[in-house]
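Have a look at the structure below before the remarks.
Because only heavy atoms are used, hydrogens play no part in the values below, and waters and symmetry mates are left out as well, while side chains stay in. Quick note on labels: first sequence line is chain A, next is B, and so on, each numbered from 1. None of these values were measured; they are calculated from a predicted model.
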Amino acid sequence: MHEPSHHILEEESQLVQIRLQKLQQLRAMGLDPFAHERYEVTHALQTIHEEYEQLEGKTVSVAGRIVAIRKMGKATFAHLMDSTGKLQIYLKADEQGDKYDLIDLWDLGDYLGVQGFVFKTRTGEVTVHVQTFTMLAKAIRPVPFPKEKGEQRWYELHDVEQRYRQRYLDLLVNPDSRQRLISRCRMIREIRRFLDERGFLEVETPVLQPMAGGAAARPFITHHNALDREFQLRIALELHLKRLLIGGIDRVYEIGRVFRNEGISTRHNPEFTMLELYQAYANLEDIMSLVEALFRYVAERVFGTTVFEMHGVQVDFSQPWQRIRLMDAIREHTGLTEADFETLESAIRAAEKVGIYVERKDTIGGIIEKVLEKCVAEHLQQPTFVYGFPIDTSPLAKREPDNPRFTRRFEGYIFGKEVANAFSELNDPLEQRARFEQQYALRQAGDEEAHPFDEDFLHAMEYGMPPAGGLGIGIDRMAMLLTGTDSIREVIFFPQMREG
RNA sequence: GAGCCGGUAGCUCAGUGGUAGAGCAACGGACUUUUAAUCCGUGGGUCGAGGGUUCGAAUCCCUCCCGGCUCACCA
């Protein structure tokens, strides 16, 4: 919390003082830029370019931020920018009269509304020949717009810290950042469209929960004053969506923020966006097909291609994903076999053989998953479903009928990174109770991330849950790989930062 | 949490013990189809913060803050 401050009026830099003086001058002339509410805009800036043939010589009214000014004595050129693009404007002193001097009060970043006719300069640039103009808002701090020539840019805003803390500036001046973040938004829109087309109902479920469940992670804890009790912020969407499945919503999904009280890194933000969906009467293979179709759909509709590249590796989402059993993948890349993971002792020896540090709390399944992460994942560059996960790390998934140490669960990998997690959902309430009991034992033994025992969820399942396939996708991770970035902060508008 | 790197003008950066710099931006001037406009001129700094060493510190030392990367943690 900051105390209110009027420091900008006295202490700010010369650059700010000069802009404040310009503001005063405008106000003294009765031209307060902040007095405007509405400006009649007939065209977005990009449409002036697109519809030039029809618009040539016609009068238009446009608005945007000033991003460049080139004053040449008694003629002035400037560029305006709005969310669709940029447009050059042109003013002549002899047409503007006294108003021409107002140009001296313009700064980069100010909002301008102009009315004039459309023409092309002798160099062929579509331009509005301004008849009247109005300043619609003033920027009293300098906005670091880069100089540009074609695709080249000079003096961009590079400082990563400033780009994250002041994302509005990053969005304004760095087209790549703007494009990447907008792509993320469009991805989410297309995911919704894809699922809506297939009859899924989008729902919202509680963020505040008595006990956060559905995943293995440490929750954030908060307090409800009126009830005077502790709540946890959700770490997954799973258990409430399954309750809706029980309630007869056969195809259900949620795209929502989940919160995990863990480290921050290039691949982890404490709050991130998860898609979870559940489809009654579908199995693991149905979900694999759904994932293949989903990636292809989003790729085509948002990026106009199914081919993506990262670190020199190309993938093509028009092709089916590879499928490999987890233990087969481990054998292929480490030489370790299922027999090496028969007992905890042998599993620990096997892990050490491939250089993995085993913690006291690790179970056999936990060790197998560590081997997957450390030794196998990097090899899964092409889209791949790894299936058959250990039972003790998959307490919400059905057993494999002929291999009860493993479950009907897969993870999807692309470019060596996990992007999807899916099960044939466990719907046997008696077995679910036993699985929760195992998790409870782990928790008692000190594993803070073991799944909590959720009696209310078991009670719901006892009324009958249909067989179903379920899927979770980390939207941020998906956005990272489709936009080709290694940092989760680049696909979150306002990533978590320390107080600066 | 550990290691490495970084924080200097509004922006991008140079400056490794001796008067704080450059380009762009800003300000003043010239210029009526320019476009990284051009030309002439001017101002602008808590060198992340605090402490120390020194005649003298942006620079060397210590502590702290913030960030990046890697690792650990996070199935």
Side-chain angles (χ1 to χ4, degrees), chain A residues 11-19 21-22 67-79 86-96 100 104 107-109 119-125 127 129 139-166 169 173-174 215-218 235 260-270 272 326 357 359 361-374 377 389-390 392-395 409 411 418 421 442 447-451 474 486-487 489 495 497-500:
Chain A
E11 297 166 20
E12 271 297 340
S13 74
Q14 185 191 45
L15 294 172
V16 172
Q17 289 301 331
I18 289 165
R19 287 173 177 235
Q21 283 164 19
K22 290 176 178 175
V67 296
I69 304 173
R70 290 178 297 282
K71 189 173 178 189
M72 322 171 38
K74 297 195 166 53
T76 295
F77 292 87
H79 272 94
K86 293 179 186 171
L87 180 69
Q88 180 167 262
I89 60 172
Y90 172 60
L91 299 90
K92 289 171 74 171
D94 52 9
E95 295 171 350
Q96 294 295 333
Y100 192 76
D104 293 330
D107 285 297
L108 300 190
F119 79 111
K120 264 188 187 165
T121 61
R122 68 165 67 130
T123 55
E125 177 159 357
T127 302
H129 189 127
I140 62 174
R141 289 186 191 274
V143 183
F145 285 111
K147 290 234 168 189
E148 293 187 16
K149 182 184 189 179
E151 292 299 299
Q152 288 177 277
R153 288 190 295 276
W154 285 262
Y155 317 114
E156 248 174 306
L157 181 67
H158 281 306
D159 182 69
V160 182
E161 182 170 359
Q162 190 174 6
R163 287 183 47 236
Y164 296 158
R165 288 190 194 277
Q166 296 181 271
L169 294 181
V173 309
N174 292 326
R218 293 165 70 171
I235 56 174
R260 296 188 182 179
N261 206 338
E262 292 158 358
I264 299 176
S265 77
T266 44
R267 286 182 291 279
H268 299 84
N269 200 61
F272 60 101
L326 170 56
Y357 170 71
E359 288 179 87
K361 66 172 192 180
D362 282 331
T363 60
I364 294 177
I367 294 169
I368 290 173
E369 287 199 21
K370 277 193 173 172
V371 175
L372 166 65
E373 278 168 48
K374 308 288 181 193
F389 274 66
D392 46 277
T393 54
S394 314
R409 170 182 171 190
E411 285 185 349
E418 181 203 338
N421 182 21
L442 290 174
D447 182 355
E448 289 182 66
E449 284 143 22
H451 287 239
D486 288 312
S487 173
R489 298 187 184 98
M497 304 284 275
R498 266 178 224 270
E499 224 174 317

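The partner of B:C24, taking Watson-Crick or G-U wobble pairs whose two distances both stay under 3.5 Å, is B:G10. Of all nucleotides present, only B:A49 satisfies the Watson-Crick or G-U wobble test against B:U63, with each distance under 3.5 Å. The pairing partner recorded for B:U38 is B:A30, the criterion being a Watson-Crick or G-U wobble arrangement whose two distances lie under 3.5 angstrom. Across all strands shown, the partner of B:C4 is B:G68, judged by Watson-Crick or G-U wobble contacts whose two distances both fall under 3.5 Å. Shown here, B:G44 forms no base pair; nothing in the strands shown gives a Watson-Crick or G-U wobble contact with both key distances under 3.5 Å.
Look at A:Arg70 and you won't find any side-chain N or O under 4.0 angstrom from OP1 or OP2 of B:U33. In this model, the phosphate group of B:A36 is not approached by any side-chain N or O of A:Arg153 to a distance below 4.0 Å at OP1 or OP2. For the pair A:Arg122 and B:U34, the criterion of a side-chain N or O lying under 4.0 Å from OP1 or OP2 is met. OP1 or OP2 of B:A25 sits under 4.0 Å from a side-chain N or O of A:Lys147. Neither OP1 nor OP2 of B:C65 sits under 4.0 Å from any side-chain N or O of A:Arg498. Between A:Gln162 and B:C11 there is a side-chain N or O to OP1 or OP2 distance below 4.0 Å. Applying the 4.0 Å criterion to OP1 and OP2 of B:C73, one finds that A:Ser265 has every side-chain N and O outside that range.
A:Tyr90 and A:Phe119 have tilted rings, their planes meeting at an angle from 30° to 60° on a 0 to 90° scale.
Contacts of A:Asp159 with the nucleic acid, taken as non-hydrogen atoms under 4.0 Å apart, involve only primed sugar atoms and P, OP1 or OP2.
Heavy-atom minimum distance, A:Phe389 versus A:Ser394: CB-OG, 3.7 Å. Nearest heavy-atom pair, A:Ala450 versus A:Leu442, reported as atom, atom and distance to 0.1 Å: CB-CB, 4.0 Å.
Across B:G44 and B:C24, the matching C1' atoms stand 14 Å from one another, rounded to whole Å. Distance check on atom C1': B:G15 versus B:G23 gives 15 Å, rounded to whole Å. Spacing between B:G3 and B:C62 at atom P, rounded to whole Å, works out to 13 Å.
Stacking between A:Trp154 and the base of B:A36 is present: ring centres sit under 5.5 Å apart and the planes differ by under 30 degrees. With centres under 5.5 Å and a plane angle under 30° as the test, the ring of A:Tyr155 is not stacked against the base of B:C24.
The shortest side-chain heavy-atom distance between A:Glu148 and A:His79 does not fall under the 4.5 Å cut-off.
Salt bridge status for A:Glu448 with A:Arg260: absent, with no side-chain N to carboxylate O gap under 4.0 Å. Between A:Lys74 and A:Asp94 there is no salt bridge, since none of the side-chain N atoms of the basic residue sits less than 4.0 Å from a carboxylate O of the acidic one.
Atom CD1 of A:Ile69 and atom P of B:A25 are 11 Å apart (whole Å). The CG atom of A:Asp486 sits 14 Å away from the P atom of B:G68 (whole-angstrom rounding). Rounded to an integer number of Å, the gap from NE2 of A:His158 to P of B:C24 is 17 Å.
Residue A:Glu125 is the one, among A:Glu125 and A:Lys374, whose nearest nucleotide of RNA chain B lies closer to the 5' end (criterion: closest heavy atom).
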